[in-house]
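Notes follow once the structure below has been shown.
Since we're looking at a predicted model, the values are computed, not measured. Numbers here simply count residues along the sequence, with the first being 1.
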Amino acid sequence: MKEVISQQETMLQEVIDGMSLPQKSLPSKYFYDEKGSKLFDEITRLDEYYPTRTEWAILKHYVHEMGEALGNKVLLIEPGSGSSEKTRVLLDNLASICCYIPMDISGEYLGKVAEVLRGEYPNITIQPLAADYTRPFELPQMHNDSRKIVFFPGSTIGNFDPDTVQRFFSVIHDIVGEDGGVLIGVDLKKDVSVLEAAYNDNKEITAAFNKNILSHINREIGSNFDPELYDHKSVWNEEEGRIEMHLIANQDHTVFVNGDTFSLKAGESIHTENSHKYSLQEFADTVAPWFNVSQVWTDEKNYFSVQYLVPKEMNQ
């Protein structure tokens with residue numbers, strides 16, 4: 001019998017592995033406990049943070065074109081759904097959506113959001129799924145004759161390293177099947193000053209969001225990270241084509257994780273997130289092993305894109 005590994009055990013191992021690296025790191029997916037999800041919702045409303053409002057405008061302007069691309073009787077699956085705010089653009093305008101599966105790692109928050117959505121959309125079957133969407137997962141049994149469409153807005157794909165990107169698209173390719181598709185938000189390359197401002201806001205909400213990962217991890221696995229011993233910093237890495245978010249130790253200290261000890265010097269960083277930015281061609285090349293880019297919608301400044309991907313047949 002295959003051993004079942006709990007999410008807590010997975011977190012513990014990933015934290016120990018990340019903190020053992022020469023460049024210490026923590027998985028960005030652990031930003032999103034209930035508090036982290038709410039802080040991120042605040043970030044999306046900041047003046048400096050262009051991705052959310054730009055993507056929202058694209059969705060609203062082109063939603064009916066997108067609906068034509070998605071087809072009829074759609075089972076909409078949203079990994080990392082959070083508050084599902086952008087999803088409402090699709091749910092409000094596309095009668096073809098028969099059911100919606102919001103997914104998130106924060107099961108408690110997910111359940112609250114799903115309860116609200118059921119009240120707003122009584123004609124749509126809503127079944128939340130608490131799971132780590134970067135690993136293989138099973139969908140609830142529902143509407144087996146519908147087309148499975150994964151909705152992945154918010155440029156979350158930019159948070160993944162190249163290996164995770166390929167693993168994600170492999171998992172999603174298997175989930176949607178040959179008749180499904182992916183509607184995905186992809187942040188595009190642009191002036192560095194615009195990028196850096198978006199991740200270093202004046203109200204320091206991004207800083208609070210970054211530090212909250214430590215509190216979440218402490219609560220789940222009993223570690224003793226002290227958020228006050230770290231300062232938030234985001235920088236553009238030109239070579240890697242990404243914004244990097246770090247927590248910088250402001251004094252020497254030691255962290256204990258399940259019996260393991262990790263010492264940090266003042267100025268040493270824990271790398272908490274990458275946000276890769278793509279050209280349209282770079283993204284098409286990235287998904288090429290699994291999907292073809294069928295359609296692309298962008299804003300006037302070409303800051304952001306929403307793309308519709310169709311699966312390749314793996315037996316070709």
Side-chain angles (χ1 to χ4, degrees), residues 2-21 25-41 75-84 87 100-114 126-142 148-177 180 182 184-185 209-210 212-223 245 257-258 270-276 287 290:
K2 186 177 180 179
E3 182 181 0
V4 178
I5 301 175
S6 71
Q7 288 189 10
Q8 187 180 52
E9 290 172 318
T10 299
M11 176 186 283
L12 176 61
Q13 191 58 57
E14 289 179 337
V15 169
I16 290 172
D17 289 348
M19 291 297 292
S20 300
L21 296 171
S25 68
L26 294 171
S28 61
K29 63 186 175 183
Y30 296 131
F31 283 132
Y32 298 99
D33 62 350
E34 183 170 2
K35 181 179 178 181
S37 296
K38 289 179 178 177
L39 282 169
F40 184 71
D41 285 344
L75 190 164
L76 193 68
I77 306 156
E78 185 179 2
S81 56
S83 63
S84 298
T87 320
Y100 172 48
I101 301 177
M103 293 179 59
D104 217 307
I105 202 164
S106 175
E108 182 181 358
Y109 184 69
L110 182 64
K112 292 178 181 178
V113 172
I126 297 173
Q127 180 63 56
L129 176 62
D132 178 355
Y133 57 79
T134 64
R135 302 173 184 274
F137 58 88
E138 291 187 9
L139 294 175
Q141 294 297 316
M142 53 194 297
K148 297 181 180 69
I149 300 293
V150 166
F151 182 46
F152 201 52
S155 71
T156 307
I157 195 64
N159 299 147
F160 297 167
D161 62 44
D163 289 342
T164 306
V165 168
Q166 293 305 311
R167 186 167 69 244
F168 173 77
F169 281 116
S170 173
V171 168
I172 296 306
H173 185 276
D174 290 344
I175 289 293
V176 302
V182 179
I184 185 169
F209 174 73
N210 197 6
N212 182 67
I213 193 173
L214 304 178
S215 300
H216 181 202
I217 289 170
N218 286 344
R219 187 173 62 255
E220 294 295 331
I221 64 174
S223 52
M245 199 148 74
V257 182
N258 195 42
I270 301 175
H271 187 178
T272 54
E273 184 179 51
N274 292 319
S275 188
H276 292 85
V287 303
W290 310 102

Using only atom types and a distance under 3.5 Å, with no angle test, would you say the side chain of [X] pairs donor to acceptor with the backbone of [Y]?
{"X": "S6", "Y": "E9", "result": "yes"}
{"X": "T272", "Y": "S28", "result": "no"}
{"X": "D161", "Y": "D163", "result": "yes"}
{"X": "E78", "Y": "Y100", "result": "no"}
{"X": "N159", "Y": "N274", "result": "yes"}

With a 4.5 Å limit on heavy-atom distance, are the side chains of [X] and [Y] in contact?
{"X": "R219", "Y": "D33", "answer": "yes"}
{"X": "L12", "Y": "I16", "answer": "yes"}
{"X": "K148", "Y": "L139", "answer": "yes"}
{"X": "V15", "Y": "L26", "answer": "yes"}
{"X": "F31", "Y": "N210", "answer": "yes"}
{"X": "Q7", "Y": "E220", "answer": "no"}

Heavy atoms only: give me the nearest [X]-[Y] pair and the separation to one decimal.
{"X": "F137", "Y": "I175", "result": "O-CD1, 3.5 Å"}
{"X": "F169", "Y": "I184", "result": "CZ-CD1, 3.9 Å"}
{"X": "H173", "Y": "W290", "result": "CD2-O, 3.1 Å"}
{"X": "P153", "Y": "T156", "result": "O-OG1, 3.4 Å"}
{"X": "I101", "Y": "L75", "result": "CD1-CD2, 3.6 Å"}
{"X": "A130", "Y": "L110", "result": "N-CD2, 3.8 Å"}

Strictly by modelled atom types, are Y30 and E14 linked by a side-chain donor-acceptor pair under 3.5 Å?
->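 Yes, E14 and Y30 have a side-chain donor paired with an acceptor closer than 3.5 Å.
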Parallel under 30°, tilted from 30 to 60°, perpendicular over 60°: which one fits the rings of Y133 and F160?
-> tilted
Taking the inter-plane angle between the rings of F209 and F40 on a 0 to 90° scale, is it parallel (under 30°), tilted (30 to 60°) or perpendicular (over 60°)?
-> tilted
Would you give the length of the straight line joining atom [atom1] of [X] to atom [atom2] of [Y], rounded to the nearest 0.5 angstrom?
{"X": "I217", "Y": "N212", "atom1": "CD1", "atom2": "CG", "answer": "9.5 Å"}
{"X": "I213", "Y": "K35", "atom1": "CD1", "atom2": "NZ", "answer": "13.5 Å"}
{"X": "I221", "Y": "H216", "atom1": "CD1", "atom2": "NE2", "answer": "9.5 Å"}
{"X": "I172", "Y": "I77", "atom1": "CD1", "atom2": "CD1", "answer": "7.5 Å"}

